[in-house]
Amino acid sequence: MATEVETWSTAQQHEGVFALDGDMAGYEDDLNDCEVNGNWTPQEKALHEARLKAKAKRRLRKSSSRNSTSDSLSESGELLPGGDSPKGKVNTNDRKSRTGKGRGLAKKGGAGGKGVWGAAGMVYEVEEPDAKDPNYDEVAQGDTVYATVVPELDEKLLEKTVNPIVKEYFEHGDTKEVQALLKGLNLGAHKFEFSSLALCLSLEGKASHRELTSRLLSDLLGKELSQADMARAFDKMLKELPELILDTPEAPKMLGQFLARAIADHVLPMAFLDCYKGKVDCVHARVALDRAAVLLSMKREIVRLDNVWGVGGGLRPVKHLVKEMILLLKEYLVSGEVSEAERCLKDLEVPHFHHELVYEAIVMVLESKGDTAIHMMMKLLQSFWKSGLITVDQMNRGFQRVYDELPEICLDVPHAHSIMETFVDLCYQESVITKHLRDTCPSRGRKRFVSEGDGGLVKN
């Protein structure tokens, strides 16, 4: 034990470092005195040693707190270099490292700490406001603009969306409504598909539908569709003609008329047909191009080929419609083909004017000779009634017009009343007219005299 004390006492003393050999020597002297003064049990001896070690540690803490720059010793007795003890209290305003390491410089190069915005000379760039920042002020960022993102339609969804729009347009004929609907769609690179789909639907429809399609393409040019989009649409239609003729055998002829009308309306450039000269192998495409070239050469002096699809039913003069219906009935009396008469009536596209057909049919019956016309006209009206081509309102209006003009008709046809009664009864038996319409049929009253020599007195 004496040797150990000497070794510790010869250790190098640094400035500010406490001497541990004195404490340890005092601890040994106290222990020896206690052994000399009395005989201790092992438990008492161990308790006494623990008290002495605790006392030595308290002295160690006091000395380290008085001089923070002195070296410290670990519990094992090793020397720890450095200015501060990790367990000792230091000045809270001291910005030097407290771990006993480093060069004694300030933390973060003087750029940290309370109220410090960075090192001297540091220039900060303007940063975009972050919505996740606790200090983010939404009001200070200005007005918030919300934009609706419409996804682009693919080919399948495009067809499902466009077909109802075009079919509804065939009913109302308002191009502005179609334009408003197209603005809400994101067609993207498939804009030309709208024109091709409209052309396909019109080929399967009536002449009035094709006229409406030509007007629609003309009105959409420069607003929703460009001339290049129109050219791509017609080019696609020319390539698909072999498939279109399966459902519409007259598709090449109709497409040629569409081409001529589009070029006349400046929907397509004048040199559109020249691009296909000598480059078309499809027979049906050549027929369409030839048809367009012929129409343009015939109508060179006319700016618009307005009558390429004929005149629509609602736009035709009334006299023209009356002549067409009379001609239809005369052809039926000759041929007796109900289906052909039905097709011709549909082509007129004037369902609101079908009462004229009923009126002209009854007048022909009154002016005819024999019962053949009566039965044929009854059969025709019965077919139109069952197919729904002529409605109840149109049928009643046609009969009522004859009822009102029957006195004038009797001037040319004296037996008109009897023929009318026979025809009305036959139509009622075949369920063509209602019972009320039959009962309202006028009948000529007969004056009954008393006798030939009564001087014209009428019997009451």
Side-chain angles (χ1 to χ4, degrees), residues 148-269 271-273 275-276 279-282 284-285 287-289 291-292 308-309:
T148 303
V149 180
V150 180
E152 182 177 348
L153 299 178
D154 55 5
E155 295 183 3
K156 294 183 179 180
L157 188 59
L158 176 65
E159 184 175 356
K160 293 181 180 180
T161 307
V162 170
N163 284 349
I165 296 177
V166 177
K167 291 180 180 179
E168 186 178 355
Y169 166 70
F170 289 158
E171 299 295 332
H172 57 73
D174 189 1
T175 58
K176 293 183 179 180
E177 183 175 348
V178 178
Q179 182 180 351
L181 292 174
L182 288 181
K183 287 183 178 180
L185 300 177
N186 184 7
L187 301 180
H190 303 286
K191 277 189 175 182
F192 71 97
E193 293 283 352
F194 176 82
S195 302
S196 60
L197 290 174
L199 291 172
C200 289
L201 291 176
S202 63
L203 292 179
E204 300 173 358
K206 299 178 290 187
S208 60
H209 294 170
R210 293 186 280 275
E211 174 65 23
L212 290 173
T213 303
S214 296
R215 294 182 183 179
L216 179 63
L217 297 181
S218 178
D219 292 344
L220 292 180
L221 180 65
K223 299 176 181 177
E224 299 297 329
L225 301 175
S226 62
Q227 201 171 53
D229 296 331
M230 299 292 185
R232 291 184 62 185
F234 278 97
D235 182 69
K236 180 182 178 181
M237 294 294 296
L238 290 172
K239 294 178 181 178
E240 293 180 354
L241 274 178
E243 299 178 1
L244 293 176
I245 60 173
L246 300 178
D247 298 329
T248 310
E250 297 182 357
K253 177 183 176 181
M254 294 180 182
L255 186 59
Q257 293 175 332
F258 267 119
L259 285 170
R261 176 67 178 272
I263 294 175
D265 293 345
H266 303 288
V267 174
L268 294 175
F272 181 80
L273 298 180
C275 300
Y276 291 92
K279 301 179 182 179
V280 181
D281 298 331
C282 180
H284 306 292
V287 172
L289 294 173
R291 175 69 174 171
V308 69
W309 303 116

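Just so you know, these numbers use all the heavy atoms, side chains as well, and skip hydrogens, waters and symmetry mates.
Shortest non-hydrogen contact noted between Pro252 and Val287 is CB-CG1, 4.0 Å. Nearest approach of Gly188 to Glu152, heavy atoms of both residues: CA-OE2, 3.6 Å. Between Leu203 and Thr248, the shortest heavy-atom distance links the atoms O-CG2, 3.6 Å. Shortest non-hydrogen contact noted between Leu181 and Leu185 is O-CG, 3.5 Å. Nearest heavy-atom pair across Ala288 and Leu255 is CB-CB, 4.3 Å. Annotation for Phe192 and Lys236: closest pair CE1-CD, 4.1 Å, computed over non-hydrogen atoms.
Looking only at distances, no side-chain donor or acceptor of Asn163 sits under 3.5 Å from a matching main-chain atom of Lys160.
For the atom pair CG (Leu289) and CZ (Phe272), the distance works out to 7.5 Å, reported to the nearest 0.5 Å. A distance of 16.0 Å separates NZ in Lys253 from NE2 in His284, rounded to the nearest 0.5 Å. Lys191 contributes atom NZ, which lies 12.0 Å from atom CG of Leu153 (distance to the nearest 0.5 angstrom). Expressed to the nearest 0.5 Å, how far NE2 of His266 lies from CD1 of Ile263 amounts to 11.0 Å. In this structure, CG in Leu158 is found 6.0 Å from CD in Glu193, a value given to the nearest 0.5 Å. For the atom pair CG of Leu216 and CG of Leu221, the computed distance is 11.0 Å after rounding to the nearest 0.5 Å.
Using a 4.5 Å cut-off on side-chain heavy atoms (C-beta onward), Ser195 and Leu217 make contact. Side chains of Asp219 and Gln179 form no contact here, defined as non-hydrogen atoms less than 4.5 Å apart. When side chains are defined from C-beta on, Tyr169 counts as touching Thr175, because their heavy atoms get closer than 4.5 Å. Between Val178 and Phe194 there is a side-chain heavy-atom pair separated by less than 4.5 Å.
Side-chain contact check for Ser218 and Asp265: no donor-acceptor pair (N or O, by modelled atom type) lies under 3.5 Å.
Open room surrounds CD on Glu250; 12 or fewer heavy atoms of other groups in view lie less than 6.0 Å from it.
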Please evaluate residues Met237 and Cys200 with respect to the criterion side chain to side chain contact (heavy atoms under 4.5 Å, CB included), reporting the C-alpha separation (whole Å), side-chain torsions for both, the decisive distance (0.1 Å), and the verdict.
CA-CA 8 Å; Met237 294 294 296; Cys200 289; 3.6 Å; yes
Checking side chain to side chain contact (heavy atoms under 4.5 Å, CB included) for the pair Leu201/His209: CA distance, chi angles, key distance, verdict?
CA-CA 8 Å; Leu201 291 176; His209 294 170; over 6 Å; no
Using the side chain to side chain contact (heavy atoms under 4.5 Å, CB included) rule, take Phe170 and Ser202 through it: C-alpha gap first, then chi angles, then the decisive distance, then the call.
CA-CA 9 Å; Phe170 289 158; Ser202 63; 4.2 Å; yes
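A salt bridge links Glu211 with Arg261; the closest basic N to acidic carboxylate O contact falls under 4.0 Å.
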